Structures are given as C-alpha cells and as structure tokens.
Amino acid sequence: MTQISSQRIKQIISAPPLGTTLEIKGWLKSRRDAKGFSFLDITDGSCLQGLQVVADSGLTNYQEEIKKLTTGCCLSVRGVLQESPAKGQAAELIAEEITIHGWADAALYPLQKKRQSFEFLRTLPHLRGRTNSIGAMIRIRSRLSHAIHTFFQQHGFYELHTPIITASDCEGAGELFTVTAMDLAHLPITKEQQVDYSRDFFGQQASLTVSGQLEAETYALALGNVYTFGPTFRAENSNTSRHLAEFWMVEPEMAFCDLAGDMDLAEEMLRFVIDDLVTSAPDDLALFNRFVDKELLKRLALLQEPFKRLSYSEAINLLLTSGQTFAYPVSWGMDLQSEHERYLTDSLFKRPLIIYNYPKKIKPFYMRLNDDNKTVAAMDVLVPGIGEIIGGSQREERLDVLTARMAQCNVPQEPYQWYLDLRRFGSAPHAGFGLGFERLVMLATGLGNIRDVIPFPRTPGSAAI
Ligand code: 4AD
Ligand code: MG
C-alpha cells in the first residue's frame with residue numbers, strides 16, 4: 001500500500017482542490033443516513049476537522065458495507081471534491097469508491113462520538129489518540145518539540161545525546177530506578193550483606209538518568225552551547241497531577257553564561273515556542289480554549305510580556321506579609337510548596353515568575369555558591385496554574401568551592417572525578433536549566449493533569465502500556 005495517492009485532510013481543507021479526484025484514508029467519526037445516501041464524517045489525525053464524504057446508494061457496497069459502518073471503522077474513499085452546499089465546511093468528497101480496511105464492532109468499541117471524560121480516556125491509552133482532544137494534544141506536543149529544536153539550532157546550540165543509563169545521581173535526591181541484569185531471585189551479596197553490584201552488568205550500580213545536565217556540562221565546556229532533550233526517570237512516589245516517573249526534559253547548557261543569562265534564555269525560549277504554537281496550531285489551541293480552559297489563549301498571550309523576577313528572599317517576605325494561611329508555614333530556608341508558588345503566580349502577580357538565589361541547603365551540590373555564603377545562583381520559572389516548569393542554575397566552576405559543597409551534601413568525590421576534571425582543566429563560568437516538557441504541554445493546552453499530555457504516562461503503580 002502506498003501513501004502517495006492519498007491526501008491528508010489538513011491539506012485538502014486548507015486549499016480545497018475543487019473538482020479534482022482524490023483519495024483519503026482515515027477513521028469514521030460518524031455516519032448519518034439520508035434518503036438514498038449517507039454522510040460520513042472521516043478524520044485522519046492530520047487536523048481537528050474531518051472531511052465530509054457523501055456516499056450515494058449507487059455505490060456497489062452501499063447496502064452491504066457502507067450502511068453498516070460505525071464509529072472507529074477504518075476506510076479509504078476515492079471521489080471528487082466539490083463545494084459543499086451545507087454550512088460549516090467548504091468542501092465535501094463525493095465518493096466513487098469506498099474500501100473498508102478495518103471494522104470496529106460498535107457493541108465493543110469503547111470510544112463514542114460524544115465527549116468522554118479524561119479519566120475514562122486514561123483507561124484507554126491505546127485508543128485515546130483518536131479523540132479530538134488527545135489527538136490535538138499530540139499535534140501540539142509534536143509542534144512544541146519541533147519549535148524547541150528550531151530555537152536552539154537557530155541560536156547556535158548543538159544537540160547532545162546524553163546517556164539514559166548512568167552511574168550518577170545528578171539531583172542527589174535518591175529517586176533512582178536501578179538498571180540491572182542480575183537475577184533478582186539470586187542476588188550476589190558482599191561480606192557486608194550488601195548487593196554486590198561489582199558483579200552486575202556494568203561492574204557497578206547503574207540507574208536510569210534523572211537529568212542529562214552533568215554530561216551536558218562536559219560538552220558545553222568543549223563546544224560552547226549544547227542542549228539535550230530526552231527522557232528522564234524519577235522514582236519519586238508522588239501521585240500528583242504534575243509528576244511522572246518518566247518525563248522528557250529539555251536541558252541547554254552554556255559556557256560563559258551566568259544566572260542572568262540563564263534566566264534570559266529560559267524566558268526567550270518559552271516565548272519563542274509558545275509564539276510559534278499560537279501561529280501554527282490555532283485550531284487545536286481553540287479547542288482547548290473552548291473546552292478545557294477558557295483563559296488559555298489569554299494566559300499564553302501573557303507569556304509575551306517580560307516575566308516578573310524576584311529573589312527567593314523577596315518571595316519569602318511577600319508570603320510572610322500576604323495575610324494568607326498556608327498549610328506549610330512560611331520561613332526563610334524552606335522549600336516553596338506548591339500552595340506558595342500558586343499564591344505568587346495565580347493570586348499575587350498573575351503571570352510567570354522567575355525566583356532566583358535559593359538557600360543552598362535546599363539545592364543540589366552543583367549550583368554556584370553566592371558571596372553571601374547562604375544562597376546559590378539557582379532559578380525556577382513558575383507559571384500560573386502549574387507552578388515550576390523550569391529549574392536551572394549557574395554551575396559552581398571553582399574546584400575548591402565545589403569539593404567543599406560536595407562534602408556538605410554528602411556527595412562522594414570518587415565517582416565524580418570526571419566532573420571535577422572539568423574544574424581542574426580549563427574551567428569556565430557556565431549555566432543551564434531543565435524544562436519539564438510535559439509541564440510545557442500542560443501550559444500550552446490548559447490540561448490540568450500531566451497524565452493527559454504524554455501518550456503513555458508512567459506513574460506509581462501504572463506502566464502497563
Ligand atoms: O528542577 P529539576 O529537578 O532540575 C534538574 O533536573 C536540573 N538538573 C536541570 C538542569 O539544570 N539542567 O527538573 C527540571 C524540570 C522541573 O522544573 C519540572 O518542570 C520537570 O523538570 N520535572 C518533572 N516533570 C514531570 N514529572 C516529574 N517527576 C518531574 N520532576 C521534574
Ligand atoms: Mg526543580
């Protein structure tokens with residue numbers, strides 16, 4: 001079967017070649033019968049709209065097949081495109097030949113034409129892509145990914161493929177999934193009664209990466225500006241609407257860059273990709289603006305304005321004087337909880353924020369120590385409705401300060417000699433950040449649950465398909 005003869009509905013709708021014969025292939029959304037003919041609404045996933053097909057009773061398989069078509073059946077239609085007399089569509093396809101590729105038993109097919117809840121659709125990860133909303137989400141996801149690559153390529157960054165299997169815990173949070181080839185029923189045990197990973201595949205304990213940052217740093221200090229965009233894995237047992245065990249992260253790393261430059265890049269990148277989306281996917285965005293979040297387009301427009309920047313200490317002061325009662329009491333040195341972030345983004349400033357200079361005690365070892373000796377050059381980008389979408393920092397480039405911080409954070413030096421080498425040989429100020437790609441898709445669609453912005457969500461207790 002070749003695709004060359006068929007056309008995608010998106011192209012047909014955007015410039016209908018009226019009067020020509022063409023072929024479409026797709027899935028039936030609905031069938032409506034009139035006297036002597038039927039209307040078939042067919043989608044092929046290329047855009048939100050379907051194409052209306054008029055199937056006349058003169059077609060050889062009209063009685064036997066076409067009148068038995070139900071939602072979900074797969075078919076191809078060859079016919080002549082004509083101006084549609086009805087409102088709501090410019091063109092319709094007058095069928096000359098209809099071939100059924102796959103039937104979908106109406107008694108068993110779980111998707112219906114009517115709207116179904118996102119919770120219900122989550123039980124059908126293999127079929128939900130055929131719905132308007134999840135189909136639109138995937139198209140938006142794809143476009144955002146494309147725009148991210150475009151942005152970095154246009155700005156002179158090289159894409160770096162960082163490893164998925166690694167021996168380092170970048171964030172030091174211990175949320176690692178171990179990768180092993182050992183027989184779990186017969187683990188080799190050391191004299192100290194520990195699992196003997198020296199006898200495992202890699203000769204040491206290895207895990208799935210939580211971030212490609214440390215490896216990206218090595219190449220930033222060779223090529224200048226690099227970025228990695230890949231899957232990352234965290235075994236954090238938080239069953240929230242913003243956390244996945246497997247998510248995609250975009251991580252640029254720049255030599256000769258400080259925290260201010262890092263914040264500028266984060267802001268510029270977000271603005272670029274959202275602007276690109278608004279111009280390239282108006283129909284899909286309009287769907288979400290109508291059915292999911294009526295403020296969506298307004299909120300996306302806000303991203304075009306400069307983000308509010310404030311230090312962690314300023315943020316704490318604003319929370320302390322807010323007159324609000326929070327479940328987690330506020331004090332300097334605490335990690336901001338989502339209720340605090342929400343207050344700042346959703347209630348107080350009502351726009352994206354960048355909070356910088358966090359206490360060193362709540363941040364990983366690699367962030368650059370500020371002169372106050374209390375804070376590090378870290379920054380988080382927070383957006384209304386979601387909270388943290390980006391986390392980044394200037395990196396500690398001074399060998400002595402870095403080793404002291406590692407000692408304080410209980411990070412052993414021996415496995416990180418390669419990382420320390422970067423400070424021993426030709427060290428440079430450098431900075432980078434990580435954008436949670438699914439959180440970006442949440443921002444772009446207004447979808448409130450992270451399980452609905454990735455095709456196959458992995459969460460505690462769930463990885464079946
Ligand atoms: O703030 P995080 O943990 O930062 C890092 O991993 C740095 N090494 C990045 C860097 O500087 N290169 O994670 C970055 C972003 C968060 O802001 C959030 O958007 C997303 O990754 N994220 C998650 N997204 C979904 N599910 C999870 N469990 C996530 N954990 C972090
Ligand atoms: Mg973070």
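Quick note: numbers below take in every heavy atom, side chains included, and nothing from hydrogens, waters or symmetry partners. Keep in mind the model is a prediction, meaning the values are calculated, not measured. Just so you know, ligand 1 is whichever comes first in the structure, and atom 1 is the first atom listed for that ligand.
- Interface atoms of ligand 1 facing Arg242, defined by a heavy-atom separation under 4.0 Å, are 25 (C), 26 (N).
- Considering backbone and side-chain atoms together, Ser211 places an N or O closer than 3.5 Å to an N or O of ligand 1.
- Salt-bridge formation is detected for the pair Arg309/Asp264: a Lys NZ or Arg NE/NH1/NH2 atom is positioned less than 4.0 Å from an Asp or Glu carboxylate oxygen.
- Among protein heavy atoms, atom 15 (C) of ligand 1 sits closest to Gly434 O, 3.6 Å.
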**Request:** Tell me, with the steps shown, if Lys298 and Glu295 meet salt bridge (charged side-chain N to carboxylate O under 4.0 Å, His left out).
**Result:** CA-CA 5 Å; Lys298 238 194 259 168; Glu295 300 289 304; 3.4 Å; yes
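- Judged by a 6.0 Å distance limit and a 45° cone about the ring axis, Arg423 is positioned over the six-membered ring of Tyr419.
- Annotation: atom 20 (C) of ligand 1 to nearest protein heavy atom, Gly436 CA, 3.6 Å.
- At a threshold of 2.8 Å, the Mg ion (ligand 2) has a backbone or side-chain N, O or S atom of Glu388 nearer than that distance.
- Closest to atom 19 (O) of ligand 1, if we only count protein heavy atoms, is Ile389 O, 2.8 Å.
- Distances from ligand 1 to the non-hydrogen atoms of Glu438 include no value under 4.0 Å.
- Nearest protein heavy-atom contact of atom 7 (C) of ligand 1 is Glu171 OE2, 3.3 Å.
- A salt bridge links Asp276 to Arg143: at least one charged side-chain nitrogen sits closer than 4.0 Å to a carboxylate oxygen.
- Under a 4.0 Å heavy-atom criterion, Glu253 is not in contact with ligand 1.
- Less than 4.0 angstrom separates some heavy atom of Gly391 from each of these atoms of ligand 1: 1 (O), 9 (C), 10 (C), 11 (O), 17 (O).
- Aromatic ring centroids of Phe365 and Tyr416 lie under 6.0 Å apart.
- For His149 and Tyr227, the ring centers sit closer than 6.0 Å to each other.
- Taking atom 22 (N) of ligand 1 as the reference point, the nearest protein heavy-atom neighbour is Phe247 CE1, 3.4 Å.
- Nearest non-hydrogen protein atom to atom 26 (N) of ligand 1 is Leu244 N, 2.9 Å.
- Annotation: Tyr356 is not in aromatic contact with Tyr312 [ring centroid separation under 6.0 Å not met].
- Between His340 and Met334 there is a side-chain heavy-atom pair separated by less than 4.5 Å.
- At least one heavy atom of Ile450 sits less than 4.0 Å from an atom of ligand 1.
- Nearest non-hydrogen protein atom to atom 18 (C) of ligand 1 is Arg439 NH1, 3.5 Å.
- Paired with Asn357 under the rule side chain to side chain donor-acceptor pair (under 3.5 Å), one option of Asp372, Asn370, Thr375 passes, and it is Asn370.
- Compare Glu388, Glu246, Arg234, Glu251 by their heavy atoms: the one nearest to atom 17 (O) of ligand 1 is in Glu388.
- When all heavy atoms are compared, the tightest approach of Met249 to Gly434 is SD-CA, 3.7 Å.
- Thr403 and Gln413 share no side-chain donor-acceptor pair at under 3.5 Å.
- At least one heavy atom of Tyr366 sits closer than 4.0 Å to an atom of ligand 1.
- If you number the atoms of ligand 1 from 1 as listed, the ones under 4.0 Å from a heavy atom of Arg395 come out as 10 (C), 11 (O), 12 (N).
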